[in-house]
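When a residue number appears, it is its place in the shown sequence, counting from 1.
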Amino acid sequence: MIGMGSSEIVTGRLNQAGPLFLGGLALGMIASVGAVYLATTSTQITIVFGLGLLVLLVGMLVLERVRTEPVAALEASPDWSVTVAAIEGEGAGQKTAVAITDRANRLVCANSAFIDAFGVSSAPPQLPLERQGLEAMIRASREAWRDGFLALDELPGLSEEEAQWSVTAVRAGRGDDHLIWRFTPIHAEKASRLEALDLDGPFGKMLSRAGIETAITTAHGVIRSVSPGFAERAAGDAAATLAGQDFVSLLRSDDRDRLFFAREGRGGTPQTLIDVALHEPDAEGYGEADEGASLMLLVDSGVGIGSGWDGSSQAGVAQL
């Protein structure tokens, strides 16, 4: 028979119970019940004894499950304290800000550099940024979830007084259900005033009326800002910033190498593209467009006076 003293042995083996052990346990219970019946020849006593054994076994099974399930759940959950210790020392020389978000864009982990820069209540992509920065971050989040990786050379929507960051987002986790964001400070001299041209203001609108659309791009061709006229022709919305998009993707060329806005196609006006490097004239590397930001000028065919432009140049005659 299985007495009270054997309960610890049974409990200790339940974790490793296989079909053979469970079969032996069942046979032992049947033998015990049979022995009680032979000893007492009482059906009632035998039934009570058998039910008691069954209740005892079920109780031990439930108790063991209650003990083991929290341990398994604890082992399955991530240890965020270890993660914090790992990302706290990441890029210590550059003070890289690191944040981890879940599928609902909730902040689940961040190092002190991120908290100092953006606050504990902010989670990517919803950071305390201006409209350009928010739009770029939302696009970055969508592309990171879709493609598994996203990089921004520079986070737009920041004033000259604020720190400048480059951003990467990587999808990670057992179920690819987290994003790891890294914000690396850009250690550069204060941005040139030329790069801070307000294309959204009177300057950009004035050029648009003259048939010249403008955009400022990074050295890698990523848009930082555009004029309302450029946004209207490229995206159909004059209020769109287009920050973070690839400048070249908004254009197309035909078999005669004529350049058009991709949205307008051949039905639009051919454009002349002028790439102006935004460097101070006396600065080192002046004129090297691939080393810094650029002012892109898209000039409608026919705008201007003289034979230097490709076209009849009739559009500028009335302005003479």
Side-chain angles (χ1 to χ4, degrees), residues 129-140 143 150-160 164-167 186 188 191-254 257-265 267-280 285-304 309-310 315:
L129 303 171
E130 297 178 1
R131 179 179 173 182
Q132 288 183 338
L134 281 176
E135 289 183 357
M137 286 295 294
I138 291 172
R139 274 195 302 272
E143 293 181 20
L150 189 282
L152 291 176
D153 293 327
E154 184 175 343
L155 184 60
L158 297 173
S159 64
E160 290 186 15
Q164 303 294 316
W165 305 88
S166 63
V167 184
I186 300 175
S192 168
R193 293 187 180 274
L194 294 174
E195 298 181 23
L197 291 172
D198 184 16
L199 300 183
D200 192 38
F203 176 70
K205 295 177 182 178
M206 175 183 64
L207 291 178
S208 291
R209 283 198 300 267
I212 304 174
E213 308 301 351
T214 52
I216 293 179
T217 66
T218 67
H220 299 287
V222 178
I223 292 177
R224 294 179 54 181
S225 62
V226 297
S227 64
F230 185 101
E232 174 70 30
R233 299 183 67 175
D237 182 7
T241 65
L242 304 183
Q245 296 196 33
D246 186 11
F247 176 78
V248 177
S249 67
L250 302 177
L251 305 174
R252 57 159 294 181
S253 60
D254 61 8
D257 290 331
R258 294 183 304 174
L259 201 62
F260 299 87
F261 281 99
R263 180 173 173 272
E264 295 178 348
T269 308
Q271 303 292 308
T272 299
L273 175 62
I274 303 174
D275 183 356
V276 181
L278 292 179
H279 292 287
E280 297 289 346
Y286 172 68
E288 299 177 4
D290 59 343
E291 295 297 327
S294 295
L295 173 64
M296 298 293 186
L297 303 176
L298 284 166
V299 186
D300 281 345
S301 176
V303 172
W309 294 94
D310 181 19

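- Residue Ala231 comes nearest to Ala240 through the heavy atom pair CB-O, 3.3 Å, listed as atom of the first residue, atom of the second, then distance.
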message = Pair Leu250, Ile223 - check side-chain contact (heavy atoms from CB on, under 4.5 Å), show working.
response = CA-CA 10 Å; Leu250 302 177; Ile223 292 177; 3.5 Å; yes
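- Contact between Arg258 and Pro270 at its shortest, heavy atoms only, is NH1-CG, 4.2 Å.
- Of the possible donor and acceptor atoms, one in the side chain of Thr218 sits under 3.5 Å from a partner among the backbone N and O of Val222.
- A pairwise comparison of heavy atoms in Leu295 and Thr214 identifies CD1-CB, 4.3 Å as the closest pair.
- Ring-plane geometry between Phe230 and Phe261 is classed as perpendicular, the angle between the planes exceeding 60 degrees on a 0 to 90 degree scale with a lower cut at 30.
- Looking at every heavy atom in both residues, Phe260 comes nearest to Gly268 through CE2-O, 3.5 Å.
- When all heavy atoms are compared, the tightest approach of Ala262 to Ser249 is CB-O, 4.2 Å.
- Atom CG of residue Asp275 and atom CG of residue Leu298 lie 10.5 Å apart, to the nearest 0.5 angstrom.
- Of the N and O atoms on the side chains of Gln132 and Ser225, not one donor lies less than 3.5 Å from an acceptor on the other residue.
- Atom CD of Glu213 is separated from atom CG of Leu199 by 10.5 Å, given to the nearest 0.5 angstrom.
- With Gln271 contributing its side chain and Thr269 its backbone, the two residues share a donor-acceptor pair below 3.5 Å.
- In this structure, Met206 CE and Ser227 OG are separated by 11.0 Å, a value rounded to the nearest 0.5 Å.
- Applying the salt bridge (Lys or Arg N to Asp or Glu O under 4.0 Å) rule to Asp237 yields no partners; only residues at least two apart in sequence or on another chain are considered.
- Distance check, rounded to the nearest 0.5 Å: OG1 of Thr217 to CZ of Arg224 gives 9.0 Å.
- Separating the CE atom in Met296 from the CD1 atom in Ile212 is a distance of 15.5 Å, to the nearest 0.5 Å.
- Shortest non-hydrogen contact noted between Leu273 and Leu259 is CB-CD2, 3.7 Å.
- Ion pairing between Asp300 and Arg233 holds under the 4.0 Å rule for side-chain N and carboxylate O.
- Here CG of Leu297 is found 10.5 Å from OG1 of Thr272. Values are rounded to the nearest 0.5 Å.
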